[in-house]
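Notes follow the structure.
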Amino acid sequence: MASTLKPCSSPLPAKSSFNDRLYSSQSVSWHRPHTHPSFSLLEICSSMKELNQILPLVIKSGLSDQPIFQAKLIGLFSRFGRLPQATLVLDRVAEKTDELYHSLLKGHAHNSTLDDGFLFFTRMRLEGVQPVVYNFTYLLKTCGDNFDLARGKVLHALMITSGYGSNVFAMTAVVNMYAKCRQINESKKMFDSMPQKDLVSWNAIIAAYAQNGLSGTALHTVISMQQEGERPDSITLVTILPACADFKFSKIGKSIHAYAMRAGFVMLVNVSTALVDMYSKCGLLDTARLVFDRMSVKNVVSWNSMIDGHAQNGRSEEAMKLFRMMMDKGVKPTDVTIMAALGACADLGDLDQGRLVHKLLIEYGLQSDISVMNSLIAMYSRCRRVDLAAEIFGNLKNKTLVSWNSVILGYAQKAYPYEALKLFCNMRKENMKPDSFTLVSVIPAVAYLSILHHAKWIHGYVIRSCLHKNVYVMTALVDMYAKCGGVNIARRLFDMMEERHLITWNAMIDGYGTHGHGRAALELFQEMIHRSPVKPNNVTFLCVLSACSHSGLVGEGLHYFALMKKDYGFEPSMEHYGTMVDLLGRAGRLEEAWNFIQEMPMEPGTSVYGAMLGACKIHQNVELGEKAGNALLKLEPEDGGYYVLLANMYATASMWNEVAKVRKNMENKGIKKNPGFTCIQLKNKVHTFYSGCTNHPLSREIYKRLEKLMDEIKAAGYVPDTNSIHDVEDDVKMQLLSSHSEKLAISFGLISTAPGTTIQIRKNLRVCGDCHSATKFISLVTGREIIVRDMQRFHHFKDGQCSCGDYW
DNA sequence: GTCCTTTCCG
């Protein structure tokens, strides 16, 4: 008996002892409460379930009002998150000691809301209990985790007045709290003010820098810490490895790896995982894999780093393989796993796998995770199922800014500009404030519509949102204005920008190119290579070559094509070759163009033969045109556009039998021609005209004005180009020509706008030769500026001239 | 008894 009277200093192994004691305690009475069996049971109690079994015993023993029992109960209720019960016990205590309050406050800090925690902290102080250091450390941590800066500051002040301003633990908690609340300057100030620092406080300030985007400072601080005599521990390493990854400093990462090996830290799963992640982010996937394979213990974070690392480096097949491996091993996926897998599916455009992951995330109850759902929206968009993406978006309960951005980007990228704009308006109606990501998605949708009115509206929105200093947004605007016909506005914005990315330069050079301002494009390119910090890439050269092609600058084009390989080491892609063929072909150097094709190091694609055929049509070289046309029909037998181009070439050469053959061929294969149409926007409404259409409400007036217009321009010297039409009388030819969609749209523009207003129209195909000639005369006789965007470029008509110099 | 750490959607 004597031995059982001893206080139970070390708890016995939980399972067997727990039940044994439960059944042996009932019939004995005890004089010293802390030796009572139910107290021993409380001491080894490890869950609320067990506590519920013991409680009746405690009450029955009549000892529940003993202070030592009350303290134990408050401690246990607090630990298991039963704060109301803990408070009830405290309320019954006659002589409340400080320790009871402290224990309950710890429970609040860990298991309850910050509101309740603060409320209790206030009660405690009102009841005259002096706060101790760890009241502050616990509560400060909770403030940091909840990003509650206001309460954090209150605690900080109270902590100072309570005399803990120099306490290492308390001050480290303050440093951490400010860092979590993104107040890095405050964080640094507090760290610097600390009279004593330990390893943990160094780790805290390093983490503060690393997590607030100051990776470089974080790495430097590790050096300072060593100079002050602290040796980095495993937590230091885990903290700075993401900083190395941020800068892709694999060299530093490797030296940290070596340090970790010497110190034996690689045994720790978090250190090895951080190494795997660092190597993945530095693009060294094979090294990451090596570290990963050598890990004796892996957790789900290790798998996530590995899977996402592959997905982010474009090795999505392997990412999915790893994902399946992880599932086979029975590791439970987390939100991060699912997001990485969805990213890989999106990258692969693999809808079937994406759907499987969708099912899986529902199985794991992750459909309430908004980030996961946002990734799901992105996955469906990128797998060309914007409809499914929109459906998920529509059913989302708590849409975030990222949800809106994902679905808007989905529509904008998949050529649904109107839907993208509509959602943009809806999000503002729902008081969701768009950010730079939203605008970088919406602006290209406006560019796609090519409506200057909309362009100015979205530009206004950018200014009102104070995003006019954002380089991504401004680059999108430069590109948009160029694509909406406002190349000079684009240049003004370009000049106003304080920072320009490579893409900004490319957009502006290409803008000049499509507007036929080849010289301006080349001047800007020169400025870029000689007076700017950015270096051209292969896209820059594509823009330069295309600008040369649109302006007939053949010599320059050939020069830059050679320069691109010689000085910059870029291998020309199919698009570069296509542009070169276009350049030579349009200039009439058809033999050269054909030889150029023959010497290509790769199989020529449709862009190359398409450029060749187009050039042959312009310059009426039927022999080479036929060769290019046949190659095209072999490569793309279903595309009606090439048949039409071939037929038009024959028609221009008056080879009517051949025209009939091509048309018959098309008919037999059931291939339809893409009908040409022209759009014009007036007062928020887009009017679309097809050749010969009479369904416009103002049709009568349009044709009447057109008839008069034809007489006016004929008097000014216009000669209808009837070459490409045959088997009808001349007056019918004239009628067919004058009812082309371009002319209808211009006539409508003339009668619907004030004299002197610029008319801007857009054609879905290339502008036709006769319309081009007629528009020049129209600009002369009406004194109007007319801007035509076709599928290739812009034509600015003014005073009887076109900016393309009849070269297109 | 107390302070610091790894994977993360557009």
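From a predicted model like this one, the values you see are computed outputs, not experimental measurements. Below, chain A is the first sequence line, B the second, and so on; all start at residue 1.
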Which nucleotide in the list dT6(B), dC3(B), dT2(B) gets nearest to the side chain of Tyr134(A)? dT2(B)
Among dC3(B), dT2(B), dC4(B), which nucleotide sits nearest the side chain of Ala207(A)? dC4(B)
note: Met177(A), atom CE; dC4(B), atom P; distance rounded to Å ~ 12 Å
I need the OH-P distance between Tyr138(A) and dC4(B), as an integer number of Å. 11 Å
Can you see which heavy atom on Ser46(A) is nearest to which on Arg79(A), and at what distance? CA-NH2, 3.9 Å
Between dC4(B) atom P and Asn167(A) atom CG, what is the distance in whole Å? 13 Å
Which pairs would a plain distance check flag for residues 361-372 of chain A, meaning a side-chain donor or acceptor within less than 3.5 Å of a matching protein atom at least two apart in sequence or in another chain?
{"from": "Asp369(A)", "atom 1": "OD1", "to": "Ser371(A)", "atom 2": "N", "distance (Å)": "2.9"}
{"from": "Asp369(A)", "atom 1": "OD1", "to": "Val372(A)", "atom 2": "N", "distance (Å)": "3.1"}

In whole angstroms, how far is the C1' atom of dG1(B) from the OH atom of Tyr101(A)? 20 Å
Side-chain contact check for Ser375(A): nearest option of dT6(B), dC9(B), dT7(B) is dC9(B)
Please report the distance, rounded to the nearest Å, between CE in Met339(A) and P in dT7(B). 12 Å
Report the nucleotide, chosen from dC9(B), dG1(B), dC4(B), that has the shortest atom-to-atom distance to any side-chain atom of Ser371(A). dC9(B)
Would you please indicate if the ring centroids of Phe393(A) and Trp404(A) are separated by under 6.0 Å? yes
Whole-Å distance, Met194(A) CE to dC3(B) C1', equals 8 Å
Identify whether any heavy atom of Asp435(A) sits under 4.0 Å from a base atom; if not, whether one sits that close to sugar-phosphate; answer base, sugar-phosphate or nothing. base
Of the candidates dG1(B), dC4(B), dT6(B), the side chain of Lys106(A) sits closest to dG1(B)
Quick one: is Lys298(A) getting a side-chain N or O under 4.0 Å of the dT7(B) phosphate, OP1 or OP2? no
How close or far is atom C1' of dT7(B) from atom CZ of Phe292(A), stated in whole angstroms? 12 Å
Spacing of Asp369(A) atom CG relative to dC8(B) atom P, expressed in whole Å: 14 Å
Base, sugar-phosphate, or nothing: which does Leu401(A) touch, judged by heavy atoms less than 4.0 Å apart? base
Have a look at Lys281(A) and say if it touches a base, only the backbone sugar-phosphate, or nothing, with a 4.0 Å heavy-atom cut-off. sugar-phosphate
At 4.0 Å (heavy atoms only), tell me whether Thr273(A) reaches a base, stays on the sugar-phosphate, or touches nothing. base
Lys399(A) vs dC9(B): side-chain N/O to OP1/OP2 distance below 4.0 Å: no
Of the candidate nucleotides dT6(B), dT2(B), dC8(B), which contains the atom at the shortest distance from the side chain of Asn299(A)? dT6(B)
Counting any heavy atom closer than 4.0 Å, what does Thr172(A) reach on the DNA or RNA strands: base, sugar-phosphate only, or nothing? base
Looking at Arg324(A) and Asp328(A), does any basic side-chain N land under 4.0 Å from a carboxylate oxygen? no
For Glu318(A), is there an ion pair with Arg315(A) - N to carboxylate O distance below 4.0 angstrom? yes
When you measure only distances, ignoring hydrogens and angles, does the side chain of Asn304(A) come within 3.5 Å of the base of dT7(B) through a donor and an acceptor? yes
Any N/O donor-acceptor pair, Asp277(A) side-chain to dT7(B) base, under 3.5 Å: no
Review item, side-chain donor-acceptor pairs of residues 188-211 of chain A, under 3.5 Å, at least two apart:
{"from": "Lys188(A)", "atom 1": "NZ", "to": "Asp192(A)", "atom 2": "OD2", "distance (Å)": "2.9"}
{"from": "Lys189(A)", "atom 1": "NZ", "to": "Glu186(A)", "atom 2": "OE2", "distance (Å)": "3.2"}
{"from": "Ser193(A)", "atom 1": "OG", "to": "Met190(A)", "atom 2": "O", "distance (Å)": "2.8"}
{"from": "Asp198(A)", "atom 1": "OD1", "to": "Val200(A)", "atom 2": "N", "distance (Å)": "3.1"}
{"from": "Asp198(A)", "atom 1": "OD1", "to": "Ser201(A)", "atom 2": "N", "distance (Å)": "2.8"}
{"from": "Asp198(A)", "atom 1": "OD1", "to": "Ser201(A)", "atom 2": "OG", "distance (Å)": "2.7"}
{"from": "Ser201(A)", "atom 1": "OG", "to": "Asp198(A)", "atom 2": "N", "distance (Å)": "2.7"}
{"from": "Ser201(A)", "atom 1": "OG", "to": "Asp198(A)", "atom 2": "O", "distance (Å)": "2.9"}
{"from": "Asn203(A)", "atom 1": "OD1", "to": "Thr236(A)", "atom 2": "OG1", "distance (Å)": "2.6"}
{"from": "Asn203(A)", "atom 1": "ND2", "to": "Asp233(A)", "atom 2": "OD1", "distance (Å)": "3.1"}

Please confirm whether the shortest side-chain N or O distance from Asn176(A) to OP1 or OP2 of dC4(B) is below 4.0 Å. yes
Contact under 4.0 Å: Lys141(A) side-chain N or O vs dC4(B) OP1/OP2: yes
Given dT5(B), is OP1 or OP2 found less than 4.0 Å from the side-chain N or O atoms of Gln211(A)? yes
